[in-house]
Trainee: 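Please see the structure below; I have some questions.
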Amino acid sequence: MCINTICEDTRKIYVMLHELGHAFYHNLEAQKSEKEDVQNTNILFTTERKEIEADIFATMSLGMYGFELDDQLKSHLKGNYNSYIKQLENAGKSHEDISLDIENLSTNVMMKFNSHAKEMNQYIEEYTLQQEQETSLEEDEIVEETDEIEMSF
């Protein structure tokens, strides 16, 4: 994966979270579960569904960390949502079935998000602590070097 370096920081974070959503929702274990779901229901597990799942995950994650979606990200989310709805309509689903599908999709994403949010926060806290420790060590080294230089005068 490569992220366009000219993108704004929030958009870069969104892209990373979107791809993380794919990793959480569309890995081999999740695909096995999807196959079982497909056999037991009439849910369509398509590229469009996978994209909206990853978008919802990224949107929820951004919100959890205090970021807001800009108009371009909102448009992206809306476009993927509309593509998925259109696909369901083209498959002959009724409006009631589509509503139920969206409700189930949202519930599933929320459950998986909640199961991963704690883990994501833990990684961020550990990384932040590590960065603070490295910064503190670097500052200590600078102080020591400064003291040595002052002593040599």
Side-chain angles (χ1 to χ4, degrees), residues 1-140:
M1 177 181 79
C2 184
I3 298 174
N4 190 334
T5 57
I6 62 171
C7 288
E8 294 177 17
D9 288 343
T10 302
R11 196 157 301 130
K12 288 177 188 175
I13 293 168
Y14 182 91
V15 170
M16 288 187 284
L17 290 168
H18 175 95
E19 296 305 325
L20 185 60
H22 281 303
F24 286 152
Y25 294 99
H26 311 127
N27 59 45
L28 292 176
E29 184 179 320
Q31 288 175 5
K32 275 196 268 181
S33 175
E34 285 178 5
K35 286 179 184 175
E36 291 169 11
D37 288 343
V38 168
Q39 292 171 354
N40 297 326
T41 66
N42 59 355
I43 295 173
L44 298 175
F45 287 101
T46 62
T47 299
E48 288 80 1
R49 181 182 177 95
K50 290 176 180 180
E51 287 303 311
I52 196 65
E53 287 173 336
D55 281 342
I56 292 170
F57 177 83
T59 301
M60 291 171 63
S61 299
L62 281 179
M64 181 173 75
Y65 295 113
F67 293 94
E68 292 186 22
L69 293 180
D70 63 23
D71 289 339
Q72 189 173 8
L73 290 174
K74 288 177 187 176
S75 178
H76 172 81
L77 178 63
K78 181 181 177 183
N80 280 343
Y81 176 82
N82 287 339
S83 293
Y84 183 58
I85 296 298
K86 186 171 185 97
Q87 183 180 53
L88 294 174
E89 290 172 344
N90 290 341
K93 294 230 178 197
S94 70
H95 291 292
E96 292 166 355
D97 286 342
I98 291 172
S99 292
L100 184 60
D101 187 279
I102 295 299
E103 183 179 330
N104 289 336
L105 180 149
S106 300
T107 300
N108 290 338
V109 171
M110 180 72 75
M111 287 175 17
K112 281 193 178 183
F113 173 82
N114 288 335
S115 72
H116 292 293
K118 187 176 185 179
E119 183 181 7
M120 290 180 355
N121 280 330
Q122 182 180 351
Y123 283 124
I124 289 172
E125 288 173 12
E126 289 173 6
Y127 177 79
T128 302
L129 180 61
Q130 180 185 356
Q131 293 300 309
E132 288 172 355
Q133 290 171 345
E134 288 175 10
T135 300
S136 178
L137 289 174
E138 289 172 4
E139 289 172 354
D140 289 346

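Start at 1 with the first residue, then count along the sequence. Values reported hereafter were calculated over all heavy atoms of this structure, with side chains retained and with hydrogens, waters and symmetry mates removed.
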Trainee: Report yes if some heavy atom in the side chain of Met60 is under 4.5 Å from a heavy atom in the side chain of Met110; otherwise report no.
Mentor: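 Yes. Closest side-chain heavy atoms under 4.5 Å.
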Trainee: Hey, are the side chains of Glu132 and Thr128 touching, using non-hydrogen atoms and a 4.5 Å cut-off?
Mentor: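 Answer yes - side chains close enough.
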Trainee: Got more than 12 heavy atoms from elsewhere within 6.0 Å of CD, Gln72?
Mentor: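 Check fails, neighbour count at 12 or below.
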Trainee: Does Glu126, at its CD atom, have more than 12 non-hydrogen atoms belonging to other residues, nucleotides or ligands within less than 6.0 Å?
Mentor: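 Atom CD in Glu126 is crowded, with more than 12 foreign heavy atoms closer than 6.0 Å.
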Trainee: Identify the two heavy atoms, one from Leu17 and one from Ser61, that lie closest to each other, and give their separation to 0.1 Å.
Mentor: CD1-CB, 3.5 Å
Trainee: Can you tell if the side chain of Ile102 reaches within under 4.5 Å of the side chain of Ile52, non-hydrogen atoms only?
Mentor: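 When only atoms from C-beta onward are counted, Ile52 and Ile102 do not touch, as no gap falls below 4.5 Å.
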Trainee: Would you sort out whether His95 and Glu89 count as a side chain to side chain donor-acceptor pair (under 3.5 Å), showing the intermediate values?
Mentor: CA-CA 8 Å; His95 291 292; Glu89 290 172 344; 4.8 Å; no
Trainee: Which pair of non-hydrogen atoms, one from Leu69 and one from Lys74, has the smallest distance, and what is that distance?
Mentor: O-CE, 3.3 Å
Trainee: Name the residue from Asn80, Thr59, Asp55 that meets the side chain to side chain donor-acceptor pair (under 3.5 Å) definition with His18.
Mentor: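 Looking at Asn80, Thr59, Asp55, the match for His18 under the side chain to side chain donor-acceptor pair (under 3.5 Å) is Asp55.
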Trainee: Can you name the closest pair of heavy atoms from Glu68 and Thr10 and give their distance?
Mentor: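 For Glu68 and Thr10, the tightest heavy-atom pair comes out as O-CG2, 3.8 Å.
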Trainee: Strictly distance-based, threshold 3.5 Å: is any side-chain N or O of Asn108 a donor or acceptor partner for the main-chain N or O of Asn104?
Mentor: yes
Trainee: Which atom pair, heavy atoms only, marks the closest approach of Val109 to Tyr25?
Mentor: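 For Val109 versus Tyr25, the nearest heavy atoms are O-OH, 2.9 Å.
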Trainee: Side chains of Glu51 and His22, heavy atoms from C-beta outward: is any pair under 4.5 Å?
Mentor: yes
Trainee: Do His116 and Glu119 have side chains that approach each other closer than 4.5 Å (heavy atoms only, starting at C-beta)?
Mentor: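 They are in side-chain contact.
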Trainee: One pair to check against side-chain contact (heavy atoms from CB on, under 4.5 Å): Arg49 and Thr46. What are the steps and the verdict?
Mentor: CA-CA 5 Å; Arg49 181 182 177 95; Thr46 62; 3.8 Å; yes
Trainee: Considering all heavy atoms of both residues, which atom of Met64 and which atom of Phe113 are nearest to each other, and what is their separation?
Mentor: SD-CZ, 3.8 Å
Trainee: Any side-chain heavy-atom pair from Phe67 and Asp9 closer than 4.5 angstrom?
Mentor: no
Trainee: Hey, does the side chain of Tyr14 reach the backbone of Leu62 with a donor-acceptor pair shorter than 3.5 angstrom?
Mentor: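 Not a single qualifying donor-acceptor pair exists.
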Trainee: Parallel, tilted or perpendicular: which one describes the rings of Phe24 and Phe57, with boundaries at 30° and 60°?
Mentor: perpendicular
Trainee: Taking atom CD of Gln131 as the centre, report whether more than 12 heavy atoms of other residues, nucleotides or ligands fall under 6.0 Å from it.
Mentor: yes
Trainee: I want to check something: taking the side chain as every heavy atom from C-beta on, are Met16 and Ile13 in contact at a cut-off of under 4.5 Å?
Mentor: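 SC-SC contact between Met16 and Ile13 confirmed.
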